[in-house]
Protein chains: 2
Amino acid sequence: MSGRAVYAKGIAKREAILSAALDVVATHGYRRASVREIADAVGLSPAGLLHYFDSKEELFTAILRARDERDGLMFDSAGGRSFTADDGAGVRPEKAIETFLAVLRHNAAVPGLVQLYAQLSAEVADPDHPARAYFLERTEHAERIAVLWVSRAQEEGLFRADLDPAWIVRTLHALADGLQPLWLLDPELDMAAHVGQFIELLKPVPPAPER
Amino acid sequence: MSGRAVYAKGIAKREAILSAALDVVATHGYRRASVREIADAVGLSPAGLLHYFDSKEELFTAILRARDERDGLMFDSAGGRSFTADDGAGVRPEKAIETFLAVLRHNAAVPGLVQLYAQLSAEVADPDHPARAYFLERTEHAERIAVLWVSRAQEEGLFRADLDPAWIVRTLHALADGLQPLWLLDPELDMAAHVGQFIELLKPVPPAPER
DNA sequence: GTCTATATCGCGATAGAC
DNA sequence: GTCTATCGCGATATAGAC
């Protein structure tokens with residue numbers, strides 16, 4: 001019983017730290033988001049914080065992981081069966097596209113997270129960055145499922161069938177990621193609308209009322 | 001006379017430092033590219049190095065600036081008149097596209113630079129990052145000229161005329177940038193081919209031999 | 001298990017001697 | 001133009017208090 005209570009307290013603290021870290025990133029920016037600042041914000045010493053997360057990088061990775069989880073749930077609830085179940089079988093392609101754009105739209109409300117993601121996705125170029133494994137798995141997982149959706153979209157005539165599904169998915173991924181630093185420099189940029197425009201390009205050409 | 005010699009020596013030293021910095025980034029990665037390491041590589045003390053560049057960030061910005069200059073020259077020599085002259089008037093659209101892809105192809109040979117660029121383009125999200133102004137100007141300049149080229153490409157029937165040139169340019173920019181972190185994680189990825197595929201999508205639809 | 005205090009080490013940067 | 005010395009700050013390992 002007491003073990004459970006202690007455990008529960010630890011979980012709660014972890015989440016308090018995650019939330020405080022995100023706050024600090026959002027307020028002071030990634031560069032000034034030191035372990036000290038975050039520890040202060042949550043009322044802990046730096047060492048106390050590192051009792052819950054082995055390193056600063058692991059803390060930040062955990063934030064992104066939590067975000068992915070929440071986004072995954074959006075796909076789940078949009079379509080019935082699961083993103084998390086690893087095959088995305090129950091999600092209809094239109095719903096998946098719509099949800100993807102909704103996630104991008106939501107991103108525009110959380111610049112701190114966007115900055116954190118952009119930062120880490122660049123940092124993991126380093127072969128022994130602690131978050132590298134996470135990014136590799138995340139990319140592999142997300143792209144594999146997205147390819148299934150895109151293929152289905154092509155079968156159903158929603159997307160042009162002459163394009164490589166893997167190419168489409170990679171392009172959506174790279175485009176969405178690449179827009180983020182540009183948006184951080186220019187908040188006027190509407191990332192979701194921009195990607196939506198690209199998706200229009202993927203739709204089959206109408207019978208051409210040419211002449 | 002002696003003033004001139006000293007100046008030339010200073011210039012040479014600056015370039016030696018730039019080159020050493022790039023080496024260190026390429027070899028040890030951006031994270032370990034400390035001022036100390038770079039200073040060692042060029043046979044200087046950290047303070048001695050900072051005589052030439054006021055800060056680490058300025059040094060890295062200078063590297064990217066030098067790269068941009070070289071890339072700009074590629075556009076110049078590809079088309080006659082100048083990228084640098086600010087209007088790109090003399091460059092033919094096909095040549096510009098070809099040169100753009102050549103730059104991407106070249107990037108695959110310099111992962112250190114690519115990592116540095118990805119890193120900095122994320123860092124400048126911070127409103128008072130020293131390289132922020134550089135990135136803002138660079139984006140503004142490059143996109144303005146690229147819009148001219150794309151517009152001309154549309155007038156000449158090379159690209160679909162129903163797409164917003166500014167959207168095309170932004171997409172090319174974001175796509176090229178977004179592919180870079182993905183490529184750093186997966187060297188199999190052919191960035192130039194990938195973007196080339198997108199450019200295919202921009203070409204006018206043929207008269208549709210539909211039925 | 002939770003947390004603080006302390007210590008270490010590497011970093012970028014500055015001041016001032018040469 | 002370049003060094004040495006030094007500062008302040010960052011992350012984090014360790015010891016041990018509760």
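Letters A, B, ... mirror the listed sequences (proteins, then strands); counts begin at 1. Computed from a predicted model, the values in this text were never measured in an experiment. Excluded from the calculations below are hydrogen atoms, water molecules and symmetry mates; all remaining heavy atoms, backbone and side chain alike, are included.
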Novice: Name the residue closer to the 5' end of DNA chain C, choosing between A:Arg36 and A:Ser45 according to the nucleotide with the nearest heavy atom.
Specialist: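 Taking each residue's closest nucleotide, the earlier one in sequence belongs to A:Ser45.
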Novice: Check every atom of D:dA11, C:dT14, C:dC11 against the side chain of A:Ser34 and return the nucleotide holding the closest atom.
Specialist: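 Looking only at heavy atoms from C-beta outward on A:Ser34, the closest nucleotide is D:dA11.
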Novice: Distance under 6.0 Å and angle within 45° of the ring axis: does B:Lys56 meet both against B:Tyr30?
Specialist: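 Yes, B:Lys56 sits over the ring of B:Tyr30.
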Novice: Given atom CD1 of B:Ile38 and atom P of C:dA13, what is their separation to the nearest angstrom?
Specialist: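 For the pair B:Ile38 CD1 and C:dA13 P, the rounded distance is 11 Å.
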Novice: Report the relative orientation of the aromatic rings in A:Trp149 and A:Phe75; use parallel for angles under 30°, tilted for 30 to 60°, perpendicular for over 60°.
Specialist: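 Aromatic pair A:Trp149/A:Phe75 classed parallel.
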Novice: Please give, in whole Å, the distance from C:dC11 P to B:Phe60 CZ?
Specialist: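 These atoms are roughly 12 Å apart.
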Novice: Starting at atom CD of A:Glu58, determine the distance to atom P of D:dA13, rounded to an integer number of angstrom.
Specialist: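 Result: 10 Å.
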Novice: Measure CD/B:Glu37 against P/C:dC11 and give the value in whole Å, please.
Specialist: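 The distance from CD of B:Glu37 to P of C:dC11 comes to 7 Å, rounded to the nearest Å.
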Novice: Can you tell me how far P of D:dG10 sits from NE2 of A:His28, to the nearest Å?
Specialist: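 In whole Å, D:dG10 P and A:His28 NE2 are 12 Å from each other.
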Novice: Look at all strands and tell whether A:Pro46 reaches a base, only sugar-phosphate, or nothing, counting heavy atoms closer than 4.0 Å.
Specialist: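 Base, at least one base atom sits under 4.0 Å.
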Novice: Consider the side chain of A:Tyr52, meaning its heavy atoms from C-beta on, and name the nucleotide among C:dT4, C:dT2, D:dA11 that approaches it most closely.
Specialist: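 In terms of side-chain proximity for A:Tyr52, the closest of C:dT4, C:dT2, D:dA11 is C:dT2.
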Novice: In whole Å, what is the span from the OH atom of B:Tyr30 to the P atom of C:dG12?
Specialist: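 One finds 10 Å between P of C:dG12 and OH of B:Tyr30, rounded.
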Novice: Is there a donor-acceptor pair closer than 3.5 Å between any side-chain N or O of B:Arg160 and the backbone N or O of B:Leu202?
Specialist: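 Pair absent, no side-chain N/O of B:Arg160 close to backbone of B:Leu202.
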Novice: Got a salt bridge between B:Glu156 and B:Arg92, using NZ or NE/NH1/NH2 to carboxylate O under 4.0 Å?
Specialist: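 Counted as a salt bridge, because a side-chain N and a carboxylate O are separated by less than 4.0 Å.
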Novice: Looking at C:dA5, C:dA13, D:dT12, which one has an atom nearest to any side-chain atom of A:Ala47?
Specialist: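 The answer is C:dA5.
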Novice: Between atom NZ in A:Lys56 and atom P in D:dA13, what is the gap in whole Å?
Specialist: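 A:Lys56 atom NZ is separated from D:dA13 atom P by 14 Å.
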Novice: Rounded to the nearest angstrom, tell me the gap between atom CZ in B:Arg31 and atom P in C:dG10.
Specialist: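 Going from CZ in B:Arg31 over to P in C:dG10 covers 16 Å.
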Novice: Between B:Asp128 and A:Arg32, is there a salt bridge with N-O shorter than 4.0 Å?
Specialist: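 Counted as a salt bridge, because a side-chain N and a carboxylate O are separated by less than 4.0 Å.
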Novice: Taking only side-chain N and O atoms of A:His51, does any of them lie within less than 4.0 angstrom of OP1 or OP2 on C:dC3?
Specialist: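 No.
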Novice: Which part of the nucleic acid, if any, lies within contact of B:Leu44, taking any heavy atom under 4.0 Å across all strands shown: a base, the sugar-phosphate backbone alone, or nothing?
Specialist: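 Since only primed, P, OP1 and OP2 atoms lie under 4.0 Å of B:Leu44, the category is sugar-phosphate.
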